[in-house]
Novice: 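One structure coming up, written as structure tokens, with questions to follow.
Both backbone and side-chain heavy atoms feed into the values below; hydrogens, waters and symmetry mates do not.
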Amino acid sequence: MSLPPEKASELKQLIHQQLSKMDVHGRIREILAETIREELAPDQQHLSTEDLIKALRRRGIIDDVMKELNFVPESVDQELSSPKQTVAFDKQSTLKKTNIDPTRRYLYLQVLGGKAFLEHLQEPEPLPGQVCSTFTLCLHYRNQRFRSKPVPCACEPDFHDGFLLEVHRESLGDGTRMADSTTMLSISDPIHMVLIKTDIFGETTLVASYFLEWRSVLGSENGVTSLTVELMGLALERQKTAEKERLFLVYAKQWWREYLQIRPSHNSRLVKIFAQDENGINRPVCSYVKPLRAGRLLDTPRQAARFVNVLGYERAPVIGGGGKQEQWCTLLAFLCRNKGDCEDHANLLCSLLLGYGLEAFVCVGTKAKGAPHAWVMTCGTDGTITFWESLTGHRYIHKPANPDGPPLAEQPKPLYPYRTIGCVFNHQMFLGNCQPSDAVETCIFDLNDESKWKPMSEEAIKSVCAPGATTSLPPFPPLCASTIDASVTSNEIEMQLRLLVSEHRKDLGLTTVWEDQLSYLLSPALASYEFERTTSISAGNEEFQDAIRRAVPDGHTFKGFPIHFVYRNARRAFATCLRSPFCEEIICCRGDQVRLAVRVRVFTYPESACAVWIMFACKYRSVL
């Protein structure tokens with residue numbers, strides 16, 4: 001590989017510095033004198049290059065030099081006591097078996113283990129082959145994402161993973177230029193670390209989230225340092241960030257006072273300016289949203305809505321009595337955990353729709369029975385207002401009712417489940433609803449009308465929510481492609497369900513005969529169900545219905561039951577199916593010439609999310 005002259009010069013300088021540091025020249029002179037003295041005859045004082053190379057190789061000099069010039073990272077033995085992980089940094093490590101561009105800068109982060117995970121103090125060591133709960137460490141740095149190997153949960157989890165992070169500039173024309181120390185010092189992006197626990201049933205729990213400041217390695221000797229994850233940002237940057245956040249807080253309080261002066265009843269509306277993340281930090285809600293492009297992973301906004309829909313839903317846990325506990329997750333924590341509350345789903349869907357060029361907002365309000373809720377709204381260029389329910393993927397067109405219309409005038413009946421709306425926001429705007437009524441069905445969504453929607457200053461929002469505005473702002477990670485093989489997973493779940501059905505029928509004293517051809521004929525139906533969920537367009541099942549009619553002889557009856565899940569646990573799915581009387585009737589079918597069928601189809605989405613469709617069916621001879 002040929003290098004440009006300036007790169008070759010810089011590489012030569014690095015090699016020269018390394019050789020001088022090791023005093024290689026002095027060691028070569030010593031070996032040269034020793035070889036001449038011990039191995040050559042007095043009348044022969046000439047030593048060939050080949051003889052010198054052999055002497056250097058025999059004494060290990062060449063191996064030492066090659067090891068140093070390969071920048072192989074030495075193992076770091078120091079381990080600090082901490083309830084979190086100890087990490088080591090190397091600002092220019094080159095690993096074996098890794099394709100590395102010698103013209104770029106790299107940061108090598110090595111996790112050395114953890115200590116004082118006291119909730120696992122009494123946990124015994126897992127036996128070989130035994131399924132156990134695991135910890136997984138996820139990293140995000142400047143559009144690069146990494147995931148450690150799962151390690152068994154323990155008081156001192158055995159993390160020993162290394163991650164090679166590329167330190168690069170994103171300015172135009174700087175893509176091929178090696179970053180110098182000054183440039184690297186100016187890169188303030190932290191390394192976001194998220195620790196996830198996965199239990200034996202595959203359920204994920206967010207354990208911790210940290211933002212690592214890595215630049216201390218730039219001033220360390222040999223470019224290597226060992227540190228704990230509690231490190232904070234640089235003092236000057238912390239002061240700037242704190243000042244920006246203080247000024248925004250002052251402005252937000254003033255905005256709220258003005259909002260209450262419009263109408264005292266505004267005090268009871270759900271106008272949420274700040275939200276607490278998983279680290280207990282209060283952030284402006286606008287910082288949870290940012291245009292997010294899915295690359296080749298998602299093709300349409302409706303497919304994006306389907307992806308968000310199949311991510312698991314779980315309300316934030318509440319300790320003791322009282323109402324719902326408020327906790328919003330940063331995007332990385334939500335994606336790594338693969339489940340979250342309605343606000344997490346709405347923030348992700350809004351970010352994806354913004355990435356597709358739509359004018360999207362997160363809406364905060366209530367649904368039936370006054371329960372707080374968050375959903376997404378898009379404003380079309382023709383004034384059409386569309387609500388997107390991020391938990392189901394459903395879309396609703398909003399047609400406002402006229403409260404001043406004549407009593408007998410027919411009003412549009414809302415199909416959406418939303419009752420009131422307090423505010424809407426995205427990454428650039430925040431607007432409080434100041435209409436006389438906060439009922440969604442009567443709201444006018446003309447966001448430019450300040451008599452109906454009180455806006456916050458876009459400059460104020462930009463000061464704390466724009467990319468790079470503050471070092472405390474969580475960076476947005478890119479989406480990762482699915483690691484699930486849809487065909488293999490579909491077959492595995494199908495085989496497990498067949499076994500569970502056979503065992504269940506055996507307990508009832510029934511034999512089980514499977515018909516593979518009938519099972520195969522169920523596939524088109526499952527594909528059309530997922531297509532309809534993704535596009536809101538009915539694909540039509542004429543071919544499926546015709547095939548079933550041909551497969552079921554005269555005098556026989558066919559029954560089918562489709563059901564949808566967002567998890568891949570066959571036993572849990574089977575238990576849920578049995579709670580349906582119609583499905584239980586198929587599984588426990590009795591009669592003459594009973595044939596059973598089951599078909600599973602797994603549809604994969606980014607972040608290893610998936611939609612699992614299952615159809616149970618039976619055919620039997622009708623006895624009148």
Side-chain angles (χ1 to χ4, degrees), residues 263 265-273 275 285 288-289 302 305-306 308-318 320-329 334 339-350 353 360-379 384-405 407 409-425 431-445 447 452-453 532-533 536 563-566 576 579-580:
R263 198 174 288 108
S265 61
H266 286 179
N267 191 43
S268 61
R269 295 189 179 182
L270 280 178
V271 178
K272 192 162 188 62
I273 304 174
V285 292
Y288 289 88
V289 175
R302 297 192 186 188
R306 178 60 173 158
V308 176
N309 158 222
V310 298
L311 290 171
Y313 168 63
E314 182 179 82
R315 295 184 60 179
V318 178
K324 173 187 172 185
Q325 179 176 327
E326 283 284 344
Q327 177 184 297
W328 295 21
C329 278
F334 176 41
K339 60 185 176 184
D341 214 331
C342 61
E343 294 89 357
D344 304 322
H345 286 78
N347 290 334
L348 174 56
L349 178 56
C350 183
L353 296 183
F361 297 86
V362 175
C363 304
V364 178
T366 63
K367 53 182 182 179
K369 299 182 180 178
H373 191 61
W375 66 97
V376 178
M377 173 185 77
T378 54
C379 306
T384 302
I385 300 298
T386 306
F387 293 146
W388 303 63
E389 177 47 61
S390 56
L391 296 180
T392 64
H394 293 161
R395 299 163 65 253
Y396 309 95
I397 303 298
H398 172 66
K399 296 180 180 177
N402 182 11
D404 301 323
E410 186 176 352
Q411 299 282 6
K413 292 184 179 179
L415 300 176
Y416 44 76
Y418 317 122
R419 178 170 292 181
T420 66
I421 182 167
C423 64
V424 300
F425 67 88
L431 303 110
N433 182 7
C434 54
Q435 299 172 61
S437 171
D438 62 352
V440 178
E441 60 182 349
T442 61
C443 270
I444 305 296
F445 287 91
L447 303 183
K452 294 181 173 61
W453 295 92
E532 186 173 349
R533 288 288 183 98
S536 302
I563 191 168
H564 166 257
F565 300 98
V566 295
T576 302
R579 288 198 286 270
S580 165

Novice: About how many Å separate CG of Asn347 and SG of Cys329, when rounded to the nearest 0.5 Å?
Specialist: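 It comes to 10.0 Å.
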Novice: Closest heavy-atom contact between Ala360 and Leu353?
Specialist: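 Closest approach of Ala360 to Leu353: CB-CB, 3.9 Å.
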Novice: Looking at Arg269 and Pro436, what are the two nearest heavy atoms and their distance?
Specialist: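 The pair with the smallest heavy-atom distance is NH2-O, 3.1 Å.
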Novice: What orientation do His398 and Phe387 show, parallel under 30°, tilted 30 to 60°, or perpendicular over 60°?
Specialist: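 Rings of His398 and Phe387: tilted, 30 to 60°.
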Novice: Run Tyr416 and His394 through ring pair (Phe, Tyr, Trp, His ring centres under 6.0 Å) and show every step you take.
Specialist: CA-CA 9 Å; Tyr416 44 76; His394 293 161; over 10 Å; no
Novice: How long is the span from the CZ atom in Arg302 to the CH2 atom in Trp388, to the nearest 0.5 Å?
Specialist: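 Reported to 0.5 Å precision, the distance equals 6.0 Å.
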Novice: Measure across Ala374 and Cys342 and return the closest heavy-atom pair with its distance rounded to 0.1 Å.
Specialist: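 Looking at all heavy atoms of both residues, the closest pair is N-SG, 3.8 Å.
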Novice: Quick one: CG on Leu431 to SG on Cys363, what's the gap to the nearest 0.5 Å?
Specialist: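 Reported to 0.5 Å precision, the distance equals 10.5 Å.
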Novice: Ignoring hydrogens and geometry, is there a side-chain-to-backbone donor-acceptor pair from Arg263 to Cys434 under 3.5 Å?
Specialist: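 Between the backbone of Cys434 and the side chain of Arg263 there is a qualifying donor-acceptor contact (under 3.5 Å).
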Novice: Would you check if the distance from the ring center of Phe445 to the ring center of Trp453 is below 6.0 Å?
Specialist: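 Distance test on ring centres: under 6.0 Å, yes.
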Novice: Can you see which heavy atom on Gly365 is nearest to which on Leu270, and at what distance?
Specialist: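 Nearest heavy atoms, Gly365 then Leu270: O-CD1, 3.1 Å.
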Novice: For Cys423 and Gly432, which heavy atoms make the closest approach, and how far apart are they?
Specialist: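 Minimum heavy-atom contact is CB-CA, 4.3 Å.
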Novice: Got a donor-acceptor contact below 3.5 angstrom from the Asn433 side chain to the Gln435 backbone?
Specialist: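 Pair found, side chain donor or acceptor close to backbone of Gln435.
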Novice: What's the spacing between Glu389 CD and Tyr418 OH if we round to 0.5 Å?
Specialist: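 The CD atom of Glu389 sits 3.5 Å away from the OH atom of Tyr418.
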Novice: Give me the atom names and distance for the closest heavy-atom approach of Gly393 to Asn309.
Specialist: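 That closest heavy-atom pairing would be N-CB, 3.9 Å.
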